[in-house]
Amino acid sequence: MILDSKTPDGPIAEKWTRHKFGMKLVNPANKRKYDVIVVGTGLAGASAAASLAELGYNVKAFCFQDSPRRAHSIAAQGGINAAKNYQNDGDSVFRLFYDTVKGGDYRSREANVYRLAEVSTNIIDQCVAQGVPFAREYGGLLDNRSFGGAQVSRTFYAKGQTGQQLLLGAYSALSRQVNTGKVKLYPRTEMLDVVIVDGKARGIVARNLITGVIDSHSAHAVLLCTGGYGNVFYLSTNAMGSNATAAWRAHKKGALFANPCYTQIHPTCIPVSGEHQSKLTLMSESLRNDGRVWVPKSKEQAEKIRTGEIKAGSIAEEDRDYYLENRYPAFGNLVPRDVASRNAKDVCDDGRGVGPTGLAVYLDFADAIQRDGRDTIEAKYGNLFDIYEKITGENPYNVPMKIYPAVHYTMGGLWVDYNLMTTVPGLYALGEANFSDHGANRLGASALMQGLADGYFVIPYAIGDYLATMPYDKVSTDHEAFREARDKVDNDIKKLLNINGSKPVDHFHKKLGKVMWDYCGMARNADGLKKAKKLVQEIRDEFWSDLKLTGGYDELNMSLEKASRLVDFLELGELMIDDASLRDESCGGHFRSEHQTDEGEAKRDDEHFAFVAAWEYKGEGKPEVMYKEDLVFENVKLTQRSYK
Amino acid sequence: MKLTLKIWRQKSAGTQGKFIKYEIDNISEDTSFLEMLDQLNVELEEKGEEPVHFDHDCREGICGTCSLYINGHPHGPHQTTTCQLHMRSFKDGDTITIEPWRAKAFPIIKDLVVDRSAFDRIIQSGGYISVNTGGTPDANEIPIPKDVASEAMDAASCIGCGACVAACKNASAMLFVSAKVAHLGKLPQGEVERHARVQRMVAQMDEEGFGACTNTGACAAECPKEISLTNIALMNRHYFNASFSH
């Protein structure tokens, strides 16, 4: 298979404009003859569903949550980037593009990233028009702050709840279209398969989570806006329900899965406190604008802190190692996430970690509070400090926060071309579910930007180009392909309910998570990955022979939902390991300990690995086949990424 | 710590429910309330019993999915979401009573899970600014005073969990509706439609079967996001003005 990215010709700054002009259009009267399915109602899904309905398409929107407003985009805290240059500090579309390509460690597709930077400014206009209450200056204009990997202030924010406000904006646009009848909503409904007729995506099979009824929905195109797969690791900052099922089942129906090993470990999360823990909580990266990261210089002092003999405050200034400021003077505490995470791991591995487990570093606001006053810090980060105190019982105004990296985002995802179409015609992937914009490491405040760029400003054009070639006729859900997909989904669920083993779902999920974290987490190596592959296969075998499910088929059964999602994580986990083994270099969040510079930074091998690895499913138990999309850099020079 | 839990169990919407008593041991004080229920569910499943169903998702206090009426308070003893409640708020030997939200407009689906789609329908009736994608002016073209933006933000912080309805003796949704009316009505972008918006949202609220507001303030006292009662006053004013302008 040859992967054609369909990247338009011409200078990078003109590609999108030219491409838009070259695309076919569907006239307004004909749009109502087309049906589009949107799976997922986060930033990408809600914005796409609303925008397509406004254009006149008939949209069906699905989410497993009880309301579209609860998709996990809601939890994004810090902000959204846009190249507005309102601060007059040297920002531009090209700089945002450049920072994003560099931040992704030169493993993303230039043309997609440029388009993202280009439409970023429209997103802010759109959101303000919808009533998103972004933070403002006293003069009434919009405020900005800076985020990791950038030396300009281009991040727009709404307190520490930017994701919430952007999602509520998209949700309101979606709700308006529900009211007009152009969108039909299916909450508490989970997509379990995509239906392909004559080589094209023509619908989905979904389970009503309350009644258990398995239903089919036919359409002319299907959009997967289903987020990332961080929950492979069991413990992550994702919501409990976030899952890879839609993307993985699409993969098994022919959509290639790209760069599955690229996962982002976020440096500032509340450390794990014990076995009971079900999820990890992020503390926004924006905190690194004012918080200083440090650990004690000596192992002895760190040990005394761990045992509770001394407190952070009793460590003298000269005995503190502000390791990010020291190692990276140009970016200081605002280095990109992968760099900050790896450094935290290094100092903890060195025996200088703090907290009862030794797996934590300090994020200290004492200097900022002294400099700007407590009120200023409270206005900026008040809600984050409250969250921290509720979870840990410690007050960060008085003692430094303790943080440690945790799985947060997945840069890998379904392979898409420039039009966001997967390798299955008519099947699109938007937002975190695709792979295209963040390379091997996503910069802070760029996920919200990408989700909304894809949904508001890319897909409305791209989908017309495809639908214009499609006949209006609808495929009946009595079609053979629909029946087969329904039968398979029905069988799969019954199979899970009939295992009758002895252990609940979480037992297996925790085991999988531990293997993935230990061997395919912040640092990876060939031997560990080999071992992990075997371990994952063993867990999968154990799962299929010893899972115990209670409750029935035709009712609300949350354990069944979890088990069904874990089936896919257990398969995807293995592909992540294969991908990490294949990529015999370090880049961004993918750190192979065999490949590091003398200073311990990720060492890329551009000669052999400047490509996207896109995997094709070949059937049960068969190894997947990898296809390469070579990455061509015409506008950004490949260099060793430096933040010093 | 060791606890006694009295939990409302109900197989489905149409069946009779009842309280069932469970004993649970070895709960650490760093455990969250929902993780305590996770632990109970693992024990139940190992015994072959059906786990207690409850809604939850982000577990960081922002998605609004979790609910639970704990010892007579929505989201428990503190003004926070249930997922942010930790067991250090309880004592060894405590008995904890856990019920679903109780309101006619939030019918029970199973155990502690209720149907809050009425809230979505209220937003669909008018909880938005009518702009399409594209063609919007530059974001800095409409200056908004910092305090106005900040008041709008406070109102917009509502997570739609339904605690206000659960806390109210009349099961009124006034705090929820007024938060959206205030968020959009305070901003210049949303002012244009403020009269039509409030009328449509109130009509939908009534149709869903929520009760009337008698200003007891229980909603604001229990709201995990501290949505202010003044939003209700603002909504009443918009509603009153709207009845003269149409």
Side-chain angles (χ1 to χ4, degrees), chain A residues 50-51 54 65-67 69-70 72 74-75 84 86 124-126 128-131 133-142 158-159 161 164-165 168 171-173 175-176 178-179 187 210 239-241 273-274 276-279 281 387 390-391 393 456 460 504 506 548 550-551 555-556 558-559, chain B residues 12 28 30-31 34-35 38-39 42 45-46 48-51 53 55-65 80 84 86 88 109-110 113 115-117 119-120 123-125 127-133 136-140 142-146 149 152-153 156-157 160 183-184 187 189-190:
Chain A
S51 303
E54 287 161 10
Q65 296 91 345
D66 71 326
S67 162
R69 67 179 291 155
R70 308 209 197 280
H72 197 53
I74 199 114
K84 281 284 197 187
Y86 282 162
I124 304 304
D125 300 341
Q126 185 65 35
V128 166
Q130 288 168 344
F134 284 122
R136 285 175 186 267
E137 305 271 14
Y138 283 103
L141 303 183
L142 292 160
K159 278 195 173 169
Q161 295 144 256
Q164 179 197 29
Q165 294 310 315
L168 291 181
Y171 162 75
S172 72
S175 297
R176 176 169 161 248
V178 173
N179 194 43
I210 296 172
M240 303 301 286
S273 71
H276 56 266
Q277 198 138 356
S278 60
K279 83 151 265 158
T281 302
I387 295 175
K390 272 174 194 153
I391 293 174
Y456 284 135
D506 286 355
K548 184 186 189 89
T550 53
E555 61 175 332
L556 181 62
M558 292 181 175
S559 299
Chain B
S12 63
S28 129
D30 287 332
T31 304
L34 296 183
E35 285 164 356
D38 289 344
Q39 192 169 321
V42 166
E45 287 193 284
E46 280 170 352
E49 291 175 36
E50 242 200 290
H53 277 65
D55 266 326
H56 64 98
D57 201 24
C58 78
R59 296 205 177 186
E60 47 190 282
I62 193 74
C63 73
T65 311
T80 182
Q84 296 301 291
H86 283 71
R88 64 180 81 94
I109 293 171
K110 183 173 184 170
V113 177
D115 178 356
R116 287 170 288 192
S117 53
F119 271 10
D120 285 324
I123 298 295
Q124 286 154 18
S125 73
Y128 40 77
I129 292 171
S130 301
V131 289
N132 282 356
T133 302
T136 51
D138 184 87
N140 259 350
I142 320 162
I144 301 174
K146 192 178 168 76
M153 176 67 211
S157 300
H183 157 215
L184 298 176
L187 295 171
Q189 306 94 301

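Letters go in sequence order (proteins before strands), and every chain restarts at 1.
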A/Gln130 versus chain B, heavy atoms under 4.5 Å apart: side chain, backbone, both or neither?
both

Which bit of B/Gln124 is near chain A, if near means a heavy-atom gap under 4.5 Å: side chain, backbone, both or neither?
both

Per-residue tally against chain A (heavy atom, under 4.5 Å) across B/Val131, B/Asn132, B/Ile129 peaks at B/Asn132

When A/Gly139, A/Ser51, A/Gly140, A/Ala50 are compared by non-hydrogen pairs under 4.5 Å with chain B, the top option
A/Gly140

Measure distances from A/Ser273 to the heavy atoms of chain B and classify the residue's part below 4.5 Å as side chain, backbone, both or neither.
side chain

Report which part of A/Gln126 has an atom under 4.5 Å of a heavy atom belonging to chain B: side chain, backbone, both, or neither.
both

Heavy-atom proximity to chain B below 4.5 Å, by part of A/Ile210:
side chain

Contact winner vs chain B - A/Thr281, A/Ile124, A/Asp66, A/Asp506, heavy-atom pairs under 4.5 Å:
A/Asp66

Derivation and outcome, side chain to side chain donor-acceptor pair (under 3.5 Å), residues A/Ser559 and B/Glu45
CA-CA 9 Å; A/Ser559 299; B/Glu45 287 193 284; 2.8 Å; yes

Okay, A/Leu168 and chain B: the region with an atom under 4.5 Å from a heavy atom over there is side chain

Chain A contacts, top residue of B/Glu46, B/His56, B/Glu60 (heavy-atom pairs, under 4.5 Å)
B/Glu60

Of all heavy-atom pairs between B/Ile123 and A/Ser175, which one has the smallest distance, and what is that distance?
CG2-OG, 3.7 Å

Flag the one option from A/Arg176, A/Lys279, A/Glu54 with the top tally of heavy-atom pairs under 4.5 Å to chain B.
A/Arg176

Structural part of A/Tyr171 lying under 4.5 Å from a heavy atom of chain B:
side chain

Max heavy-atom pairs within cutoff under 4.5 Å with chain B, candidates A/Gln277, A/His72, A/Gln65, A/Arg69, goes to A/Arg69

Does any backbone or side-chain atom of A/His276 lie under 4.5 Å from a heavy atom of chain B? Answer side chain, backbone, both or neither.
both

Most heavy-atom pairs under 4.5 angstrom with chain A, which of B/Gln39, B/Arg116, B/Glu49?
B/Arg116

Per-residue contact mode, B/Thr31 against chain A (heavy atom under 4.5 angstrom)
both

Compute whether any side-chain donor of one residue and acceptor of the other, for B/Asp115 and B/Ser117, lie under 3.5 angstrom apart.
yes

